[in-house]
Amino acid sequence: MSLNTLTFSVKGDAGAALKAPVHHGVVGSGDMEVLMEPKAQDGAVSVSIVTPVAGFDDLWKRVLQTFVSQSGLSDAHLDINDNNATPAVVLLRLRQAMTEAQAN
Amino acid sequence: MDATESMMGRGREAIDMIVDPESFTENAIGAKTFDDPDFGPCAAVGTATLDGQTVTIIASDGQAFNERFPVVYAGIIGMEEGYKMAQAVYASLEADADKPKEEKRPLVLIVDTPGNGPGKVEEIFGMNKATGAYQLALAEARLAGHPIIAMVIGRAISGAFLCHGLQADNILSLDASFGTMIHVMPLTSVSRIIRKDLEVLEELSKSNPVFAAGPQFFYALGGVEELVDQTDKMRAAIIDHIATVRAAKAAGQDDTLGPWGRGALGAERDGRVVRPKVMDLMNQEFAAVAGQYAPQR
Amino acid sequence: MPKWNDLQGRSFLESNARDRAVGLVDEGTFTELAGPFDRFYSPHLETLGEAVEFDDGIVTGVGRVGVTPVFVISQEGKFIGGSVGEVGGAKMVNAIRLAIEFHDTLAAAHPDLTDAEKPIVVISFETGGVRLHESNAGLLAHAEVMDQLQKARGKVPVIAVIGSKVGCFGGMGFVAAATDCIVMSEFGRLGLTGPEVIEQEMGKEEFDSGDRALVFRTTGGKHKYIVGDCNYLVADTLGAFHDQIAELATKSLADFEAMRRIGSPEKVAQQLRGVALAAEMQPKDARDVWAHAGNADPVALTDMPLPDFLAQVKRLSV
């Protein structure tokens, strides 16, 4: 009984690098929060997810891959606290975070 | 545990075990008298001497029943009780208003309370104010120099312990062998509500005192200064703590007392170690921007 | 972060803790302290394998309203019901402590410090009190908050704002009662023992927690306004709360003292007159008290639009 931490990296296209760090979301039930920070690492987007749910590593990777290729995000690190968010919610929160980052 | 030793429901007996023989006068504190015998019966208040010095006594009476407010019995703090206890504190402040700090009378809280009045009438008229009023009065008296010692003899449950106990300078508790209960909820209820196995929680509580029920866990978190292992040691322990608290106040060490002092004690006993780190960081972060928030002239 | 101007029109009820913290102070003035990038989450939730949050469900920081420094504490109900544990509790305690310390620094540096220039604390409550996962630490934090509230007396006014989904219950119910001034929307709820707990302990006869209308009548903003347990009832927008705070920020300590419910022998004597009335009336419903206060048609008050309600409601005086 402890939290699971999942870390991996997704290859990003050199494109939309973050100008400033952004925080978005609340860790409600079925929801998550994310910290997105710029990090120069040859385009890659590194991800660290802390979640009570184990066993969905591949799903997380696919969702993050989808987000990164759709958004064009690159050279960033993402810290996610999850509480059973569905893939759809994860994608929504990540896109909202990205929108906020670009608006600032 | 020897069941006959339990002090639960025996707040009035505890008064006699603690103060000088025959010295307790109920319902009189300084110039203030409480003349209605039916008012706030679950709290017994009055004046006694302890080792010769005048003290205010505020005790739970676990045998009483408040006929005007039927949810208030067995040591529950109802609206009348909360305000009565607050009045007992204000009467102590008033009685010693002209005395120097080092001569302010001590307040001894005898704690055996299972809760605050859980009723609809209470919510309609604002039970939260009554329990808040008593806490503010205690904090005011503590900061004014009155030594306040809480002695947990039975139940010190959640909001009722916040109300009657946790604003004291120092808190003493009979140890777990007396069946003393200090908690927000029994572990069985915690287990049900947060949906974690009881066995797992019990195992975890061996290394982390933060959610388990019992005086020893509060001791480990710095929430209780001292555990007392015999009822006939209560008197001497309270006398000791009054002296220690008085000395600390005279030395200007108020920060080692009360809820704030127990914060430091929690870190010292390795019970609450993140608390000071969060505070330090906030202090640093604020110091960096404070100038922006000062008057610009 | 949404634009400040957009936030002002936003429903307070629907706003999360950070948006409230930002929107309750003036545009662009909020600095978060121990924010999510500091990553101070609860070690105890982690031990239990429960989801954590980088701010532990409490946003703390400092902003300005006009020339007034405002220390803000804002609780997030979506994260474990806004419950208070070791980390969130420490943030809350220290925000008040910093305000007192800042007051003392400013007062020493500026003997002519005006009322408006003195710091205030604003607490946006959304909580049921102690977090059960770390209940003992949460309880001890509550005691520290009460201690700081008394230490703030005569220096730093503390304003409670209540209008979020979870309401303000448990130990935080008496923390709110111990502040100087309470601002609510009609959707705000304030109490000590939640209706569910009363029903569970005392039975459905005592309190039927399934009766949502009864629950709202007993703990809601309109009732609290009638009985004097809240000072101001405002519209459900962040802007309305912000403007109320701005109006309060210029008031004197004596003005704030007069708004208090508890905290002196005189206030306690006044509350005891209310308790005597409660004993005499034994109200079955908050409406009984509304009628006693002189409201001829208490039923009509529930759904009355706020401006009409404020224009015609009679408040209880004891």
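In what follows, chains carry the letters A, B, and so on, assigned in the order in which the sequence lines appear, proteins first and then strands, with residues in each chain numbered from 1. Atom set for the values below is all heavy atoms of this structure, side chains included, hydrogens, waters and symmetry mates excluded.
Of the listed residues B:Ala86, B:Gly119, B:Gly223, the one with more heavy-atom pairs under 4.5 angstrom with chain C than any other is B:Gly119. Between chain B and the residues C:Asn94, C:Thr60, C:Val289, the most heavy-atom pairs under 4.5 angstrom are made by C:Asn94. Contacts with chain C were tallied for B:Asn116, B:Val289, B:Leu166, B:Ile182; B:Leu166 has the most, counting heavy-atom pairs under 4.5 Å. Contact count versus chain B (heavy atoms, under 4.5 Å) is highest, among C:Val67, C:Thr29, C:Thr31, for C:Thr31. Heavy-atom pairs under 4.5 Å with chain B peak, among C:Leu140, C:Val87, C:Thr218, C:Leu277, at C:Leu140. Ranked by heavy-atom pairs under 4.5 Å with chain C, the list B:Asn208, B:Ile124, B:Leu138, B:Val89 is led by B:Ile124. Counting heavy-atom pairs closer than 4.5 Å to chain C, the top residue among B:Pro118, B:Pro209, B:Gly271, B:Ala139 is B:Pro118. For the set C:Arg217, C:Lys151, C:Arg97, C:His133, the entry with the most heavy-atom pairs within less than 4.5 Å of chain B is C:His133. Contact count against chain C (heavy-atom pairs under 4.5 Å) is highest for B:Val184 among B:Val190, B:Val184, B:Val71, B:Ile193. The residue among C:Lys224, C:Glu201, C:His142, C:Met281 with the most heavy atom pairs within less than 4.5 Å of chain B is C:His142. Chosen from C:Ser264, C:Gly171, C:Gly274, the residue pairing most often with chain B at heavy-atom distances under 4.5 Å is C:Ser264.
Only the side chain of C:Asp229 comes within less than 4.5 Å of a heavy atom of chain B; its backbone N, CA, C and O stay farther away. With a 4.5 Å cut-off on non-hydrogen atoms, C:Thr68 does not touch chain B at all. Residue B:Tyr134: no heavy atom, backbone or side chain, is found under 4.5 Å from chain C. Only the side chain of C:His223 comes within contact range of chain B, with at least one heavy atom under 4.5 Å from a heavy atom of that chain. For a residue to count as touching a neighbouring chain, one of its non-hydrogen atoms must lie under 4.5 Å from one of that chain's; by this rule C:Leu113 touches chain B with backbone and side chain alike. In this structure, chain C has no heavy atom under 4.5 Å from any part of B:Lys84. At a 4.5 Å heavy-atom cutoff, B:Ala130 makes no contact with chain C through either its backbone or its side chain. Looking at C:Arg261, only its side chain comes within 4.5 Å of chain B, counting heavy atoms on both sides. Heavy-atom distances place the side chain of B:Met185, and not its backbone, under 4.5 Å from chain C. For C:Arg39, no part lies under 4.5 angstrom from a heavy atom of chain B. If you measure heavy-atom distances from B:Ser158 to chain C, the contacts under 4.5 Å come from both the backbone and the side chain. Looking at C:Pro43, the atoms closer than 4.5 Å to chain B (heavy atoms on both sides) all sit in the side chain, from C-beta outward.
Across B:Asn66 and B:Glu80, no two heavy atoms sit closer than the pair ND2-OE1, 3.1 Å. C:Gly85 and C:Arg131 get closest at one heavy-atom pair: N-CB, 4.2 Å. Nearest heavy-atom pair across C:Ile198 and C:Glu206 is CG2-CG, 3.6 Å.
Looking at B:Gln135 and B:Thr131, their side chains do bring a donor and an acceptor atom within 3.5 Å of each other.
A donor-acceptor pair under 3.5 Å is absent between the side-chain atoms of B:Asp254 and the main chain of B:Leu143, judged by distance alone. No donor-acceptor distance shorter than 3.5 angstrom exists from the side chain of B:Glu81 to the backbone of B:Ala43, with no hydrogens or angles considered.
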Where do C:Gln150 and C:Arg153 land on the side chain to side chain donor-acceptor pair (under 3.5 Å) test, with the steps shown first? CA-CA 5 Å; C:Gln150 180 59 32; C:Arg153 295 284 297 280; 3.2 Å; yes

Apply side chain to side chain donor-acceptor pair (under 3.5 Å) to C:Glu117 and C:His110, showing your working. CA-CA 10 Å; C:Glu117 288 171 336; C:His110 307 283; over 6 Å; no

The test is side chain to side chain donor-acceptor pair (under 3.5 Å); show your working for C:Thr193 and B:Glu122 and say whether it passes. CA-CA 9 Å; C:Thr193 315; B:Glu122 278 73 9; over 6 Å; no

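Ion pairing between a basic and an acidic side chain is recognised when a charged N comes within 4.0 Å of a carboxylate O; B:Arg68 and B:Asp36 show such pairing. Remark: C:Lys284 does not engage C:Asp288 in a salt bridge, criterion side-chain N to carboxylate O under 4.0 Å. The pair B:Arg262-B:Glu225 meets the salt-bridge criterion, since a charged nitrogen lies less than 4.0 angstrom from a carboxylate oxygen. In this structure, C:Glu144 pairs ionically with B:Arg272, as a charged nitrogen and a carboxylate oxygen lie closer than 4.0 Å.
At a heavy-atom cut-off of under 4.5 Å, chain C is reached by B:Val278, B:Met279, B:Leu281, B:Met282, B:Asn283, B:Glu285 from residues 278-285 of chain B, listed in order of number.
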